[in-house]
Structures are given as C-alpha cells and as structure tokens.
Amino acid sequence: MNKRMFLKLSAALLGGSSGSRLLGGAPDEPPSDGTLTNWAGNYQYSTRNLHPLTSIEQVRQFVKEHDSLKVLGTRHCFNGIADSAFALISLKSMDQVVALDPKERTVTVEAGVSYGQLCPYLHQKGFALHNLASLPHISVAGACATATHGSGIKNGNLATAVSALEFVTANGDVLTLSRDKDGDTFLGAVVNLGALGVVTKVTLDVQPAFAMRQDVYENLPLAQLTDHYETIVSSGYSVSIFTDWQNNRINEVWVKRRVEQGEVPDAQPEFYGAKLATKNLHPIAELSAENCTEQMGVPGPWYERLPHFRMGFTPSSGKELQSEYFIPRQNAVEAILAIERLRDQVNPHLLISELRTIDADQLWMSPCYRRPSAAIHFTWKQDWDSVRKLMPTIEKELAPYKVRPHWGKLFAVEPALLQSRYEKLDEFKGLLKEHDPHGKFRNEFLTKTLYG
Ligand SMILES: Cc1cc2nc3c(=O)[nH]c(=O)nc-3n(C[C@H](O)[C@H](O)[C@H](O)COP(=O)(O)OP(=O)(O)OC[C@H]3O[C@@H](n4cnc5c(N)ncnc54)[C@H](O)[C@@H]3O)c2cc1C
C-alpha cells in the first residue's frame, strides 16, 4: 500500500512515523509537499490551514473570527483527535514559564511549552514533576488534554498535576479554572480532549527535585509476572514491562527508583528469574540504545530517567502505530493472559508491547477515572490493514474489564460502548455545551466518539 492510501485509511478510522527522522518538523513549519501530518505520518490533517499564534490577544481574535477550529500541540497523537477540516492553530511560540511559586509549589506555563523545555528549567530551580511519559517531546497542554501517563502504582497520569487552567472559550472570553475554587467543573475541564476551548496557560504541581536510577532486567518468565504481578509493578517508583508476547517471557523490565540523598544505591543481579542487563537497552531490542535515557543504575535527574527516550533523539521507533488500553489494575493479570493467548496473531505486526500502571484519579474523562489502572500498550509496525483488523479482536478480549482506550492512540471500540464506560460523560457534554454551545471546537473524532 502506498503512503497516501495509508494516510487516508488511517484517517478513516476513528480518530484512527517515519524512518529515524528526528521529531518531525515543528507543526507551524509547512511540510515540503504541502501536506500536514501527525508526528508518525499515519494521519494527514484535513486542512493545510495552519496559523501560528503568539499571544492570548491573537488567540481571542482568531477564535472570535472562526466558526470551527482546533489546536495542534506537538502532533504526537495517532488519530484524528487534533484534526480540523477548517483551521488549525499552533501555540508553539507561546512557550514561556509564566511563574514558579516555590511556596505554593506550582509552576505556570504557556500552553505551547513541551516537557522537554520545562523540565530542565524546573530542575535547575530545584523542582520536579511527579511523573513523565515515555518521551519528553510532547506539549504539556496536549498531553494533559488526552490524559497522557507514565508508570507507577502511586503516580496519577500527567493531567493529575494540573492545578489550574486558563483557556479561551468559544466566544473569545478568557476563563480560569482551578482545583481549589472550581470543584467539579475543574475536574471535568482538565482532560478536555481539546474540546473545551484553547488552553493558553497551565499551572502544574511541583515537588523538590529528586535523583533517580533505572535498572533493566532481561528475560523475566511470564509465570513470574503473573504470580508476582503486584510486587513486580510495585518494585520501583515507576516500572515498565516490555514484551513481544513470545516464548512465555517478558523481554525487559525497566525499574526506575528514586535515589534519596546519602543513599548508596544497588541493584540485585536477579529479579524474579530475570537477569540484570549489562548494557543500556532500547525497548525494541534491535534499535540503538543511544536514543534512550541512561540505565545501568547510573543516578541522574528525574527528567532524564522517568522518560525512556531522550530529548533531541527519535523516541520509540518513529515508523510505527500505537494503541493502548486501560483496565482496572485488579484485572491486570487476567487481561495480560488474555492478550498472551492472542500472541500468534499479535506478534507479526508488533514492534513491542509495554505494560504500565497508573493510579486512579478524579478527572472525568481520564481513562483512570476512579480506578487504579494497568495499561497494555502496543507499538505496531506501520501495517495499517493488519492493525485495523486486529484491534477489535484485542478489544473483545478486554471487554469484560470495561476497557478504556487511550484518547490519543488508535482504537476501534464502538462509540456507544466507549460512552457507556465514562460515567461522567453527560456532565462533560454539559460543560462543553456551556462553553462551546455551537461546537466550534468539535471535530469528526469528537462528534463520532462522544456523540455518535
Ligand atoms: C513516540 C510516542 C510515545 C508516546 N508515549 C506516550 C506515553 O508514554 N504515555 C502516553 O500516555 N502517551 C504517549 N504518547 C501519546 C501522546 O504523547 C499523547 O497522546 C499526547 O496527546 C501528545 O501531545 P501533543 O501535544 O503532541 O498532542 P496533539 O496530538 O498535538 O493534540 C492532542 C489533543 O490536545 C489538544 N490540544 C493540544 N494543545 C491544546 C491547547 N493549547 N488547547 C486545547 N487543546 C489542545 C489537541 O487539539 C488534541 O485534541 C506517545 C506518542 C508517541 C508518538
């Protein structure tokens, strides 16, 4: 299948990368062939009409003058959630730190900032975020809008760090919502799927900076994981488990631990039958570990250990598709075994799977809303025809656990079923009606997923 066809097919899915290129161009740089795609290159946005905006006044004016628009973050979603048939705006230049409040332990940033920009600044000032995704390249606003997460049984997703949001509503007004003052409305607004308005500032909780180390173990017997799941996922501040579902074994376990001051850290040579790696590894064994954050127990700043991939390098494979499914953590072992039974169907199309944990939260549209969660992630080869056919099979196996898919990745769950799995959906729609009565920020993805 040629690439153009692939792009069209991807776009046809619900909200349904290339080579080892670095990051992809910035969203407000027109691509050389005139088209505008997401980072992975599997989704072509429906318009080339992209407007870089540089101030809140420009945002207000633009919103007032247009009947339909969407904001592009760093374009790392794999589906049509950020798409618009009419106009896209980029806030990439609005990337300043507005205020760091050491007493309140918060930082306020403009919405275009990426974690890769923010984290070194915070660290230098003696502060840290509670967690990060596998990559630092993504925008804070885009990540929080889709409930992007890292791992760790006590770590909520990245949106749980948000304590206030400033956004421009459909009529061009500026509204600020905060955790302290706005109760339920705030809980509905944080994971907003880009549907509530243009987020222009985000305030995040910070904590004192900390050091971390990561140790990687190879070849964990699957039976050890299923017998000791809770202990294994609790064995570090953040634990990521990578598998290709073959040979009854887990390929790699990445254990990320905090290193407290004065501690002389050490790692056991064996971990439930897995062996400590003797060199840095990439989750996809064939790829260079140069793109990955330092391992082998070397202590370093939190923001250079929590993500798997280094800023300035291609994260993951680049040429890939992704799907991810959230299930209650209490069902994690059954769910893992259900996917393991599909191994021969899954493996030919897979680059790697990752198993992570995320704490429960109170954010209405978060896949972890009120449930301590486990996430089963698939990094697929860019073979759209096969992935499209496989997803319903996987989703059927996970249906008994009321699976919720990642908002920014590929899935095929029927809208009605998906809607039934979000108990606060009606309230969220009410919030959208209040701030965007004519659906200015609605697109095909949202219409189909939330209203279809
Ligand atoms: C290689 C790779 C690794 C990944 N790893 C992880 C991972 O570890 N964990 C995880 O959970 N996800 C992961 N993802 C998924 C991805 O990071 C998230 O889905 C995230 O949304 C991407 O942020 P973005 O800025 O690129 O968003 P975009 O794709 O640009 O936009 C996402 C949504 O946010 C909205 N939005 C963006 N900015 C604003 C704004 N200012 N105001 C209002 N709405 C806005 C958009 O309109 C859209 O609806 C990964 C993706 C890739 C490509």
Side-chain angles (χ1 to χ4, degrees), residues 15 17-18 23-24 27 36-43 45 53 56 59 63 69-84 88-92 94-95 109-116 131-151 157-159 165-169 189-202 238 240 283-284 291 306-309 313-324 326 351 354 356 358 365-368 373 375 377 379 405-410 436 441-443 445-446 449:
S17 268
S18 67
L23 263 180
L36 188 57
T37 71
N38 66 344
W39 172 85
N42 71 297
Y43 190 94
Y45 298 113
L53 303 182
I56 188 159
V59 173
V63 169
L69 71 140
K70 294 299 290 178
V71 192
L72 275 189
T74 44
R75 299 176 296 124
H76 278 64
C77 286
F78 287 84
N79 59 30
I81 191 167
D83 198 8
S84 168
L88 291 162
I89 63 172
S90 164
L91 308 187
K92 191 174 178 284
M94 295 172 64
D95 62 355
V109 294
E110 291 184 318
V113 82
S114 70
Y115 287 97
N131 209 2
L132 290 169
S134 70
L135 76 176
H137 310 59
I138 51 179
S139 78
V140 172
C144 294
T146 59
T148 293
H149 64 97
S151 192
N157 65 41
L158 305 191
L165 280 177
E166 175 193 271
F167 63 100
V168 174
T169 61
V190 180
V191 178
N192 54 61
L193 315 179
L196 200 57
V198 182
V199 174
T200 43
K201 286 194 195 104
V202 184
S238 164
S240 279
I284 304 167
N291 297 14
L306 284 169
H308 309 325
F309 304 108
F313 289 79
T314 301
S316 193
S317 146
K319 198 174 161 102
E320 67 195 64
L321 302 175
Q322 292 188 10
S323 310
E324 190 167 32
F326 298 81
L351 289 168
E354 182 175 7
R356 287 181 279 187
I358 310 98
M365 297 308 287
S366 162
C368 305
S373 297
H377 165 93
T379 302
H406 192 301
W407 287 113
K409 302 184 182 179
L410 297 163
D436 182 18
F441 300 106
R442 212 184 281 178
N443 60 9
F445 174 94
L446 293 170
T449 314

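The chain is numbered in sequence order, starting from 1. Note that ligands are numbered from 1 as they come in the structure, with each ligand's atoms numbered from 1 the same way. We use all heavy atoms of the structure for the numbers below, so side chains are in, but hydrogens, waters and symmetry mates are not. This is a predicted model, so every value here is computed, not measured.
- Remark: distances from the non-hydrogen atoms of Q322 to ligand 1 include one below 4.0 Å.
- Close N/O approach between S139 and ligand 1 is found [any backbone or side-chain N/O within under 3.5 Å].
- Residues D436 and T169 have side chains not in contact (no heavy-atom distance under 4.5 Å, counting atoms from C-beta outward).
- At a threshold of 4.5 Å between non-hydrogen side-chain atoms, the residues P315 and W39 count as touching.
- With ligand atoms numbered from 1 in the order given, ligand 1 contributes 19 (O), 21 (O), 29 (O), 32 (C) to contacts under 4.0 Å with heavy atoms of C77.
- Using a 4.0 Å cut-off between heavy atoms, A145 contacts ligand 1 through its side chain alone, with no backbone atom that close.
- The closest approach between any non-hydrogen atom of H377 and ligand 1 is not below 4.0 Å.
- With sequence neighbours left out, the salt bridge (charged side-chain N to carboxylate O under 4.0 Å, His left out) criterion links E110 to no other residue.
- Close contacts between ligand 1 and S134 involve ligand atoms 3 (C), 4 (C), 5 (N), 6 (C), 7 (C), 8 (O) [criterion: under 4.0 Å to a heavy atom].
- Heavy atoms only, all atoms of each residue included: S151 and N131 are closest at O-ND2, 2.9 Å.
- Annotation: side chain of P307 is not in contact with side chain of L135 (no heavy-atom distance under 4.5 Å).
- Atoms of ligand 1 lying under 4.0 Å from any heavy atom of L91, numbered from 1 in the order shown and given with element: 41 (N).
- Contacts between T146 and ligand 1 below 4.0 angstrom, taking non-hydrogen atoms only, involve the side chain exclusively.
- Contact annotation: the side chain of I89 never approaches that of L72 to less than 4.5 Å [non-hydrogen atoms, C-beta and beyond].
- A donor and an acceptor atom, one from each side chain of Y43 and D83, are located under 3.5 Å apart.
- Among A82, C144, S90, the residue whose heavy atom lies nearest to atom 48 (C) of ligand 1 is A82.
- Close approach of ligand 1 to G197 (heavy-atom distance below 4.0 Å) involves ligand atoms 42 (N), 43 (C).
- The side-chain heavy atoms of Y45 and K70, taken from C-beta on, include no pair separated by under 4.5 Å.
- Counting only non-hydrogen atoms, the option in R75, K201, H406 that gets closest to atom 12 (N) of ligand 1 is H406.
- The distance criterion of under 3.5 Å between nitrogen or oxygen atoms is not met by L135 with respect to ligand 1.
- In this structure, the ring of H137 has its center no less than 6.0 angstrom from the ring center of Y115.
- Taking 4.5 Å as the limit, some side-chain heavy atom of W407 sits within range of a side-chain heavy atom of T449.
- Between V71 and ligand 1, at least one pair of N/O atoms sits closer than 3.5 Å.
- Contacts between F78 and ligand 1, counted as non-hydrogen atom pairs separated by less than 4.0 Å, involve the side chain only.
- Distances from atom 30 (O) of ligand 1 to the heavy atoms of S317, S84, G73 show the closest one on G73.
- Counting the atoms of ligand 1 from 1 in the order shown, those under 4.0 Å from a heavy atom of A133 are 7 (C), 8 (O), 9 (N).
- Side-chain polar atoms of Q322 and H406 form no donor-acceptor pair below 3.5 angstrom.
- Checking L88, L306, T148 against atom 20 (C) of ligand 1, the nearest heavy atom belongs to T148.
- At a 4.0 Å heavy-atom cut-off, ligand 1 touches L193 through the backbone alone.
- Only the side chain of A111 comes within 4.0 Å of ligand 1, judged by heavy-atom distances.
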For a quick test of your reading: what N or O donor-acceptor pairs under 3.5 Å do the side chains of residues 191-198 make, sequence neighbours left out?
from, atom 1, to, atom 2, distance (Å)
N192, OD1, G194, N, 2.8
N192, ND2, A189, O, 3.1
N192, ND2, V190, O, 3.3

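- L69 places a side-chain heavy atom less than 4.5 Å from the side chain of V63.
- H377 and T379 are linked by a side-chain donor-acceptor pair at a separation below 3.5 angstrom, with hydrogens and angles left out of the test.
- At a heavy-atom distance under 4.0 Å, only side-chain atoms of W39, from C-beta outward, approach ligand 1.
- Note: an N/O pair closer than 3.5 Å links V199 and ligand 1 by distance alone.
- No heavy atom of G112 sits closer than 4.0 Å to any atom of ligand 1.
- Side chains of F309 and S134 form a contact here, defined as non-hydrogen atoms less than 4.5 Å apart.
- When heavy-atom distances to ligand 1 are checked against a 4.0 Å cut-off, S316 comes that close only through its side chain, counted from C-beta outward.
- Within the 4.0 Å heavy-atom shell around ligand 1 one finds R356.
- With a heavy-atom cut-off of 4.0 Å, H76 touches ligand 1 through backbone and side chain alike.
- For ligand 1, the polar-atom distance check against H149 finds a nitrogen or oxygen pair separated by under 3.5 Å.
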